Amino acid sequence: MAHTPNADEIPSRYDPATTDAALYEAWEQAGVFRADTGASERIGGPKAPYTIVIPPPNVTGVLHMGHGLNNTVQDVLIRWRRMSGDDALWLPGTDHAGIATQNVVEKQLAKSGRTRADLGRDAFIEEVKTFVAEKGGVILKQLRAIGASADWDRTAYTFSPELSRAVREIFVRWYEDGLIYRGHRVTHWCSRCLTALSDEEAESHPAQGLMYHVRYALKDDSSQSIVVATTRPETMFGDVAVAVHPEDPRYTAFVGQHVVNPANGVAIPVIADAYVDKEFGTGALKITPAHDANDFEVGKRHALAMPIILTPEGAITEGTDAAGRVPAQYLGVDRFDARKRVAKELETAGALVKSEQHQHSVRKCYRCDTVVEPRLSDQWFVKMAPLAAPALAAVKDGRVRILPERWEAVYVNWMENIRDWNISRQIWWGHRVPVFYCQRAADSRQPKACREHFASRDDNPVCPDCGGPTRQDDDVLDTWFSSQLWPFSTLGWPNDTKDLKAFYPTDVLVTAPEILFFWVARMVMSGMYVTRSAEHPDGIVPFHSVYLHGTARDAQHRRMSKSLGNGIDPLDVVNLYGADALRWTVIAGMGLGNDLLLDHENIEQSFSTGRNFATKLWNIGRFLLLQVGEEPVKPLDSVAAADLSPADHWILARTDDVITGADTALGPARPTNGRAWTNADHRLGLRLDEYAESARTFVWNDLADWYLEHAKTRLAAGHPERETARAVLVHAFDRALRLLHPIMPFVTETLWNRLPGHVDGTWLALAQWPTAARSANRAAAADFDAARASIAAVREIRNEYVVQAADVVQVALGGTAPGLVAAAQRESAFVTRMAKCELVPESAIAPGTEARRVLANGVEVSVSLAGIVDFARERGKLSTELEQLVKQLAALRGRLGNEKFTAKAPAAVVEAERVKEGEWSARVEQLTARIASLPKA
RNA sequence: GGGCGAAUAGCUCAGUUGGUUAGAGCACCUGCCUUACACGCAGGGUGUCGGGGGUUCGAGUCCCUCUUCGCCCA
């Protein structure tokens with residue numbers, strides 16, 4: 001005989017601290033999160049694969065709220081599909097994060113007064129590796145605390161030997177396909193990180209600065225001059241020309257002549273180039289080819305010198321081609337100091353016409369916020385246009401969808417205007433560019449018979465032309481070069497592995513819009529490139545859906561950030577209220593693509609919805625254990641249909657509805673036709689907040705507020721319906737737990753394991769996702785609804801007239817729907833208990849003593865309130881209702897009388913309006929009669 | 001400067017091809033310690049759907065325009 005606990009043995013609050021960690025360990029030991037490669041139908045197994053690859057956090061990172069919401073979304077999806085019977089793989093891992101990690105270690109070194117140069121390249125890399133080994137991967141442990149059900153056995157790392165091989169493989173393929181080239185051009189340079197950056201890594205920020213108007217006098221006639229506007233006068237040392245528009249009449253006479261650069265006295269030509277915007281500023285531009293990307297293009301067109309006047313660190317220097325251009329007193333001066341000094345000297349010399357406040361934008365390093373400097377250098381580039389074309393087509397034809405959909409337009413716009421990608425970084429931590437130079441070719445004494453450079457899959461290759469020794473390029477690759485391979489490198493590519501066959505392409509990519517270009521677009525391009533075949537000439541897209549979620553913000557809508565100190569540590573929330581509270585709050589509070597607002601100054605209030613709901617669930621479970629006991633219940637399908645009451649049918653119908661609702665909100669899991677999203681299914685699914693809300697309403701407002709209350713009577717010992725009520729209640733709660741498990745895995749698993757009849761060693765995490773049974777009798781359910789509506793009406797009247805909670809009122813049911821009245825009366829025990837009333841015949845209530853409501857279903861509920869009914873108030877209330885209804889009915893009749901409407905509107909709409917007309921007129925009659933029967937005041 | 005989008009209840013947002021009396025959560029107000037839960041229960045919504053114009057039998061939804069705001073890229 002199972003032991004039925006008493007109330008003292010089960011606390012009234014769920015205590016995540018004592019259960020969650022052990023539960024997570026139990027899941028792991030049971031192998032619940034492990035994906036089974038052989039089970040994938042792509043290699044002959046029985047299950048559809050469902051794969052999510054984690055956006056790899058920086059290996060030295062720690063969990064913040066952004067990770068919290070990103071990974072919760074992924075875990076909800078993966079748990080949902082795992083329960084739905086898919087071969088679900090959530091593949092975790094970390095990114096070596098080149099610049100970011102190098103910066104962290106350099107800061108460590110700085111504490112002991114050392115720099116990376118002091119150590120040298122090899123020792124520094126060892127230092128970083130040691131640091132990563134000791135301090136890295138913390139975030140993966142933290143993800144376990146929020147319940148992430150990733151397959152940890154497959155944890156990947158972008159800098160592992162396996163993934164490094166993938167990096168080298170694609171580099172060599174691209175190089176050999178002519179998609180990677182060495183370019184001599186102006187790129188963004190971070191003078192703090194001492195490396196070039198891609199366009200994406202140099203973020204634009206609005207800035208207020210000074211626009212200096214500087215006079216360049218004509219060399220041969222100093223009475224004439226051209227005024228040039230610039231925000232960076234310190235770059236004037238690198239000026240090689242002044243450019244004007246060829247069709248600008250103001251300057252035609254100057255073209256071909258020379259002006260004197262007032263900063264250094266060097267004479268430079270005035271050139272004509274259509275790039276100049278006549279309308280902007282003075283219509284004349286100084287041309288500094290080595291320190292401005294546009295000027296560089298102008299310089300190339302006009303074969304101008306390209307003097308470099310800034311050191312890598314951002315100080316003024318007389319660099320390549322700059323001999324004689326930089327006054328000695330400026331050498332070594334920082335660029336921003338130089339800016340002020342140049343401006344001052346120009347002013348002194350009378351060359352500064354004016355300086356005015358100017359709104360513009362500056363680009364800053366995305367890793368250290370230093371203002372980047374455009375700087376001429378040799379870098380490695382990927383030619384993007386050929387890669388972008390198929391990736392663009394894939395989104396346009398629906399093989400990849402991006403949600404929310406408006407981001408597709410942004411993606412298309414970027415792809416259509418794509419620029420080549422600078423992939424070389426002058427740092428040490430990362431994959432070294434696998435390009436090699438023949439040592440002999442570099443030797444000027446040797447005849448130049450060997451190619452200048454080549455890419456190699458192997459270390460230390462010999463020169464393919466002369467067999468001589470080679471030297472590897474010093475640069476490393478952009479971190480994003482390796483992370484773009486993530487959906488396939490983590491599965492074993494370039495090897496033709498079972499995992500790759502089983503799990504590529506993946507399904508949903510969950511990330512933030514900020515890295516749409518950094519990462520998502522590049523994964524599409526590289527993923528398609530490496531999967532090209534005779535069967536798939538354009539390759540296979542790496543995922544069919546991109547889910548872009550919003551940003552965690554504080555109550556003032558500011559992005560949560562370390563520097564603002566307005567962040568919330570997800571682990572604090574876990575410790576205070578549990579992972580389920582965190583997860584629920586995140587999922588329920590975050591519409592697709594919308595930001596999540598949380599108040600860092602009131603963590604309790606921010607997460608109370610999640611905490612409260614977990615407690616509610618817990619208490620339903622507590623009630624169940626106390627009232628239902630632990631004796632196994634009959635499976636629902638062995639309960640005789642005749643034994644089911646209207647309440648049973650009602651909750652079973654609601655159970656079906658919530659399952660259908662959740663499925664609609666979440667799915668389809670993949671394109672319906674298996675190939676591409678169509679107009680019909682493009683925007684469907686992934687509405688996690690709607691799924692959460694429908695499940696919450698079911699549990700709280702249907703199951704707890706109504707069915708469970710109704711069941712209290714039937715569960716009494718010896719009640720003839722006790723077994724039926726137990727079976728239905730346990731069934732409905734079981735379905736609720738299954739539905740909620742993806743969002744609140746801990747409390748649902750804990751409760752599920754204590755349900756009557758639970759089989760030891762089975763896990764909710766692996767239990768089957770519910771399907772709608774569709775066996776409920778909807779007519780019987782409507783009978784229960786009649787009782788519910790009557791209860792609600794009595795409660796409303798009680799509140800209206802401030803009837804004391806303990807007072808029992810007399811209630812009569814009547815009206816135009818005798819069937820429903822009878823149905824409500826059959827639930828008299830329930831009605832009287834819930835509404836604190838006794839049911840009496842209508843004749844038992846003396847006319848003129850009752851408050852009455854006319855329900856939408858035709859039932860009239862009269863509450864005897866002799867002496868306290870305010871008939872003026874009743875009349876007013878009913879009249880307002882009637883008035884509104886009459887107005888709407890008139891409009892409705894007008895519509896139905898309009899031939900254009902009946903002729904043009906769809907038949908179904910017209911029919912619905914006709915039905916409505918019947919209902920409304922009946923109700924108008926009821927209301928009119930009731931008002932007429934009210935005693936005159 | 002180029003591109004995309006938003007404006008609906010105090011706040012955050014739903015509202016699918018135009019077709020119920022425009023909804024939800026939170027917040028707020030009133031009354032309740034009704035023995036699963038006060039982290040709870042019951043009751044409470046008169047919104048010029050940003051302004052103006054248009055198309056239509058019918059507009060929160062489509063078109064034009066103005067205003068304000070946001071995002072992406074220069």
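In what follows, chains are A, B, ... by sequence order, proteins preceding strands, each numbered from 1. From a predicted model like this one, the values you see are computed outputs, not experimental measurements.
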Using whole Å, report how far CH2 of A/Trp700 lies from C1' of B/G40.
8 Å

Does B/C4 have its OP1 or OP2 closer than 4.0 Å to a side-chain nitrogen or oxygen of A/Trp414?
no

A/Ala614 near the nucleic acid: base, sugar-phosphate alone, or nothing, with a heavy-atom cut-off under 4.0 Å?
nothing

Could you walk me through whether A/Arg583 and A/Thr72 pass the side-chain hydrogen bond (donor to acceptor under 3.5 Å, both in side chains) test, one step at a time?
CA-CA 6 Å; A/Arg583 296 165 61 108; A/Thr72 300; 5.3 Å; no

The correct set of residues in residues 553-561 of chain A placing a heavy atom under 4.0 Å from RNA chain B is A/His557

Between P of B/C13 and CG of A/Asp689, the distance in whole Å:
12 Å

Considering only the C1' atoms, how many Å lie between B/A42 and B/C37, rounded to the nearest integer?
15 Å

Starting from P on B/U12, measure out to NE2 on A/His549 and report it in whole angstrom.
20 Å

Is the backbone of A/Arg714 close enough, under 3.5 Å, to the side chain of A/Arg722 for a donor and an acceptor to pair up by distance?
no

P atoms of B/G54 and B/G60, separation to the nearest Å:
15 Å

How far, in whole Å, is B/U46 from B/C41 if one measures between their C1' atoms?
28 Å

Tell me every residue that passes ring-ring contact (aromatic ring centres under 6.0 Å, His included) with A/His710, counting only those two or more places apart in sequence or in another chain.
A/Phe784, A/Phe830

Is the shortest side-chain N to carboxylate O distance from A/Arg788 to A/Glu827 below 4.0 Å?
no

Considering heavy-atom distances to RNA chain B, does A/Val802 or A/Ser204 have its closest nucleotide positioned more toward the 5' end?
A/Val802

Applying salt bridge (charged side-chain N to carboxylate O under 4.0 Å, His left out), can you list everything that pairs with A/Arg419, at least two apart in sequence or on another chain?
A/Asp199

Whole-Å distance, A/Asn413 CG to B/G3 C1', equals 5 Å

Counting neighbours of CD on A/Gln804 that are heavy atoms of other residues, nucleotides or ligands and sit closer than 6.0 Å, is the number greater than 12?
no

With rounding to the closest Å, how many angstrom separate the C1' atoms on B/G45 and B/G53?
31 Å

For A/Leu739, is there any backbone N or O sitting under 3.5 Å from a side-chain donor or acceptor partner on A/Tyr691?
yes

Check the distance between B/G1's C1' and A/Tyr275's OH and give it to me in whole angstrom.
12 Å

Nucleotide nearest A/Arg363 when distance is taken to its side chain, options B/C32, B/A36, B/A74
B/A74

Report yes or no: does A/Asn566 contribute a side-chain atom to a donor-acceptor pair with the main-chain N or O of A/Ser561 at less than 3.5 Å?
yes

Rounded to whole angstrom, note down the P distance from B/A24 over to B/G15.
15 Å

Can you check the distance between B/C49 and B/C13, where both ends of the measurement are the C1' atom (answer in whole Å)?
13 Å

Among B/A36, B/C57, B/G5, which nucleotide sits nearest the side chain of A/Arg406?
B/G5

Pairing residues for A/Trp920 by the side-chain hydrogen bond (donor to acceptor under 3.5 Å, both in side chains) criterion, not counting sequence neighbours
none

Dot-bracket for RNA chain B, please, read 5' to 3', with Watson-Crick or G-U wobble pairs under 3.5 Å on both distances, ( ) within the strand, [ ] crossing, | other strand, . unpaired.
(((((((..((((.....[...)))).(((((.......))))).....(((((..]....)))))))))))).

To the nearest Å, give me how far apart CG (A/Leu708) and P (B/A36) are.
9 Å

Output all residues satisfying ring-ring contact (aromatic ring centres under 6.0 Å, His included) with A/Tyr707, sequence neighbours left out; order by chain, then residue number.
none

Could you check which of B/C72, B/C39, B/C37 has an atom nearest any side-chain atom of A/Arg611?
B/C39

Can you give one letter per nucleotide of nucleotides 14-29 of chain B, 5' to 3': B if a protein heavy atom sits under 4.0 Å from the base, S if only from the sugar-phosphate, - if neither?
S----BSB--SSS---

Quick note, A/Leu597 side chain, CB onward, closest among B/A36, B/C39, B/U12 is B/U12

Non-neighbouring partners of A/Ser204 that pass side-chain hydrogen bond (donor to acceptor under 3.5 Å, both in side chains), sequence neighbours left out
none

Mind checking if A/Phe517 touches a base, just sugar-phosphate, or nothing, with heavy atoms under 4.0 Å?
sugar-phosphate

In whole angstrom, give the distance that lies between atom CG of A/Asn619 and atom P of B/U34.
15 Å

Examine B/C39: is either OP1 or OP2 under 4.0 Å from a nitrogen or oxygen in the side chain of A/Arg13? Give yes or no.
yes

Name the closest nucleotide to the A/Trp407 side chain, picking from B/A36, B/C72, B/C32.
B/C72

In whole angstrom, give me the gap between the C1' atoms of B/C64 and B/A27.
39 Å

B/A36 OP1/OP2 closer than 4.0 Å to side-chain N/O of A/Lys712:
yes

Distance check, C1' atoms only: B/G52 and B/A7, in whole angstrom units.
15 Å

A/Asn612 side chain near B/G40 phosphate (N/O to OP1/OP2, under 4.0 Å):
yes

Does A/Glu690 have any salt bridge (charged side-chain N to carboxylate O under 4.0 Å, His left out) partners at least two apart in sequence or in another chain, and if so, which?
none

By ring-ring contact (aromatic ring centres under 6.0 Å, His included), which residues pair with A/Tyr14, not counting sequence neighbours?
A/Trp618

Shorter than 3.5 Å, N or O on both sides, protein versus nucleotides 42-45 of chain B: list them out with atom names.
| residue | atom | partner | partner atom | Å |
| --- | --- | --- | --- | --- |
| B/A42 | O2' | A/Asn799 | ND2 | 3.3 |
| B/G43 | O4' | A/Asn799 | ND2 | 3.1 |

For A/Tyr366, enumerate each residue passing the ring-ring contact (aromatic ring centres under 6.0 Å, His included) test, keeping only those at least two apart in sequence or located in another chain.
A/Phe518

Looking at every strand, decide which applies to A/Glu709 at a 4.0 Å heavy-atom threshold: base, sugar-phosphate, or nothing.
base

Starting from C1' on B/U35, measure out to CZ on A/Arg833 and report it in whole angstrom.
13 Å

In terms of the angle between their ring planes, are A/Phe613 and A/Trp584 parallel, tilted or perpendicular, with boundaries placed at 30° and 60°?
tilted

Looking just at side-chain N and O atoms, do A/Ser921 and A/Glu917 make a donor-acceptor pair shorter than 3.5 Å?
no

